[in-house]
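Written out below as structure tokens is the structure these notes cover.
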Amino acid sequence: MRTQVGIIGGGPSGLLLSQLLHLRGIETVLLEKHSRDYVLGRIRAGVLEHGFAELMREAQVAERMEREGQVHEGFFIAHDGVRDRVDLHALTGGKSVIVYGQTELTRDLYEARDRLGGRVIHNAEDVTPHDIATQRPYLTYRLGRQAARIDCDFVVGCDGFHGVSRQSIPPEHLQVFERTYPFGWLGVLSRTPPVSPELIYATHERGFALCSLRSSTLSRYYIQVPLSDTVEAWSDEEFFQELRCRLPEDVARAMIIGPSIEKSIAPLRSFVAEPMSFGRLFLAGDAAHIVPPTGARGLNTAASDIYYLYHALLDHYLNGDDRGLEGYSQRALARVWKGQRFSWWMTMLLHRFPDNTPYEQRLQRTELAYLLSSQQALASLAENYVGLPFA
Ligand code: APR
Ligand code: PHB
């Protein structure tokens, strides 16, 4: 088989890129390791910035997002038994975010690919990029016992943190920057009305907590837990008891609890691989970088990679101009690092670090007090949360 752009990974990054390119007449084949049901069974975050929503519109997949997604003009920071509202709208001159689950958005993208007859191959095993340093890269994979090969002009690795693309770059050409945190987030999805129409990020001496939502009947809650904890060790009752304990009393009292329909622990990690391209292989999204979920940047940073890569590929195919492809890594990384900085900062601000000295604890409290007392500091938080420009 032959195509123009071979895409590895059928998460939001790979699907969005294949959909955008298809609409401009550029052929793609997308190889996904898992079944569609498996991909759509994963519960991920769901705060979309303006730039992401714009890209969904350009990809002609925004209809349900516009209908069912909720526009949020602010969120709360809870601390010391009270809640302070961060007015995103006022602080950014009218900007907001859309709360719409990544799972739903991925479903919309798959349906759009189907409608256009996009080539999406599920259960592709042992996907391997070859000859990426040459002008004629190709991909091999297996479907059951059947081996297959796709020749392409370019390979795009959208296969997430554990994918094969990044690993196919010779290690001497790759520099990795990483930070791990001594805790994870235990998340619970429950079919209950959310305790607050806007997100509540809570900091407490027992640890961080987050009240989020997917719809008016579906809540998503998180608490910070030690890395040694397991999902089995937390009953629903214990989870909600701990969550309530970390929230202001009025919020805790108002919370309606119900059985969890999903419960998982995600360790927090910051990670960047540089450069984001090698020869004719380009990395995008979680394949190249990971952020802790605190600033809701993961999906949104993936979107800016796709934006840059999409335009670079358009320039190549429609105008014979390769400057976008040559500059892709540098351009994408400039914004990636701003997302890293913001996610790291918000994580450091709101979590409990068991090894912090009393001095560091005072500094952390002062950082929050300063933030909440300064319009300039709040404006900086808001500007990053709604998404920095792609330019
Ligand atoms: N071959 C083919 N597909 C693979 C391989 C492989 N070797 N390894 C992984 N994949 C697939 C995974 O099954 C997954 O469906 O690649 C996809 C990667 O999707 P995501 O992990 O969702 O990554 P991405 O599309 O970049 O999405 C951005 O932002 O909010 C964050 O982590 C969150 O997933 C989100 C990400
Ligand atoms: C979520 O709803 O899952 C969510 C929201 C905001 C975050 C992280 C996760 O910062």
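Order of appearance sets the numbers: ligands from 1, and atoms from 1 within every ligand. In this text the structure is predicted, and so the values were computed from the model without any measurement.
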Inset, instruction - Could you walk me through whether His72 and Gln70 pass the side-chain hydrogen bond (donor to acceptor under 3.5 Å, both in side chains) test, one step at a time? - result: CA-CA 6 Å; His72 282 214; Gln70 298 180 19; 3.3 Å; yes

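- Remark: ligand 2 and Tyr385 share no N or O pair separated by less than 3.5 Å (distance only, no angle test).
- Close approach of ligand 1 to Arg42 (heavy-atom distance below 4.0 Å) involves ligand atoms 12 (C), 13 (O), 14 (C), 15 (O).
- Looking at Lys33, Arg44, Gln102, Glu32, it is Glu32 that brings a heavy atom closest to atom 13 (O) of ligand 1.
- A donor and an acceptor atom, one from each side chain of His22 and Arg113, are located under 3.5 Å apart.
- Ring geometry, Phe278 versus His173: the interplanar angle falls from 30° to 60°, so the pair is classed tilted.
- Under 4.0 angstrom from ligand 1, the non-hydrogen atoms of Ile8 all belong to its side chain.
- Below 3.5 Å of separation, one finds no N or O of Gly163 facing any N or O of ligand 1.
- Considering only non-hydrogen protein atoms, atom 7 (N) of ligand 1 sits nearest to Val164 CG1, 3.7 Å.
- Ligand 1 lies nowhere less than 4.0 angstrom from a heavy atom belonging to Ala124.
- In summary, the atoms of ligand 2 found under 4.0 Å from a heavy atom of Val47, numbered by their order in the structure, are 5 (C), 6 (C).
- Scanning the protein for heavy atoms near atom 18 (C) of ligand 1, the closest one is Cys158 O, 3.4 Å.
- Interface of Trp185 with ligand 2, defined as ligand atoms under 4.0 Å from a residue heavy atom, comprises 8 (C).
- Looking from atom 3 (O) of ligand 2 to the surrounding protein, the closest heavy atom is Tyr222 OH, 2.5 Å.
- Close approach of ligand 2 to Leu199 is summarised as follows: ligand atoms under 4.0 Å from at least one heavy atom of the residue are 5 (C), 6 (C).
- Cation-pi contact between Arg166 and Phe161: present, with separation from the ring centre below 6.0 Å and deviation from the ring axis of at most 45°.
- Scanning Ala266, Gly11, Ser13 for the heavy atom closest to atom 24 (P) of ligand 1 points to Ser13.
- Between the side chains of Thr192 and Ser219, at least one donor N or O sits under 3.5 Å from an acceptor N or O.
- For atom 31 (C) of ligand 1, the nearest protein heavy atom (residue, atom name, distance) is Leu299 N, 3.5 Å.
- The ligand atoms of ligand 2 that sit less than 4.0 angstrom from a heavy atom of Thr294 are 10 (O).
- Here the heavy atom of the protein found nearest to atom 2 (O) of ligand 2 is Ser212 OG, 2.6 Å.
- Only backbone heavy atoms of Leu31 (N, CA, C or O) come within less than 4.0 Å of ligand 1; its side chain stays farther off.
- Residues Arg115 and Glu63 are not paired through a salt bridge, judged by the lack of any N-O separation under 4.0 Å between the basic side chain and the carboxylate.
- Looking only at heavy atoms of the protein, atom 9 (C) of ligand 1 is closest to Asp159 O, 3.1 Å.
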Inset, instruction - Tell me, with the steps shown, if Arg136 and Tyr138 meet side-chain hydrogen bond (donor to acceptor under 3.5 Å, both in side chains). - result: CA-CA 7 Å; Arg136 296 176 193 283; Tyr138 64 98; over 6 Å; no

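- Not close to ligand 2: Met346, with no non-hydrogen atom less than 4.0 angstrom away.
- Using a 30° and 60° split on the angle between ring planes, Phe154 and Tyr317 fall in the perpendicular class, above 60°.
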Inset, instruction - List the steps and the verdict of side-chain hydrogen bond (donor to acceptor under 3.5 Å, both in side chains) for Asp153 and His316. - result: CA-CA 11 Å; Asp153 300 334; His316 170 84; 5.4 Å; no

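- Proximity to Arg214 (heavy-atom distance under 4.0 Å) selects the following atoms of ligand 2: 1 (C), 2 (O), 3 (O).
- Taking a cutoff of 4.0 Å between a charged side-chain nitrogen and a carboxylate oxygen, Glu27 and Arg2 do not qualify as a salt bridge.
- Within the listing of ligand 1, atoms 28 (C) sit less than 4.0 angstrom from a heavy atom of Ala302.
- Every heavy atom of Ala45 sits 4.0 Å or more from the atoms of ligand 1.
- Between the side chains of Glu54 and Tyr307, not a single donor N or O lies within less than 3.5 Å of an accepting N or O.
- Of the N and O atoms on the side chains of Arg297 and Ser343, not one donor lies less than 3.5 Å from an acceptor on the other residue.
- No heavy atom of Glu125 sits closer than 4.0 Å to any atom of ligand 1.
- Of all the heavy atoms in Arg352 and Gly207, the pair that sits closest is CB-CA, 4.0 Å.
- Nearest non-hydrogen protein atom to atom 32 (O) of ligand 1 is Asp286 OD2, 2.5 Å.
- The Tyr201 neighbourhood of ligand 2 comprises atoms 6 (C), 7 (C), 10 (O), with distances under 4.0 Å to a heavy atom of that residue.
- Of the N or O atoms in Pro12, one or more lie within a sub-3.5 Å distance of an N or O in ligand 1.
- Aromatic ring orientation, Tyr38 versus His34: parallel (interplanar angle below 30°, classes split at 30° and 60°).
- Salt bridge Glu104/Arg107: present, at least one basic N to carboxylate O contact under 4.0 Å.
- Heavy-atom separations between Phe75 and ligand 2 are all 4.0 Å or longer.
- In terms of protein heavy-atom proximity, atom 8 (C) of ligand 2 is nearest to Pro293 O, 3.4 Å.
- Listed by number with element, the atoms of ligand 1 under 4.0 angstrom from any heavy atom of Gly285 are 26 (O).
- In this structure, Phe208 and Trp185 have parallel ring planes: the angle between them is below the 30° cut-off, well short of the 60° mark.
- Residues Ser380 and Glu383 have side chains that never bring a donor and an acceptor to within less than 3.5 angstrom of each other.
- Under a 4.0 angstrom heavy-atom cut-off, Val99 registers as lying outside contact with ligand 2.
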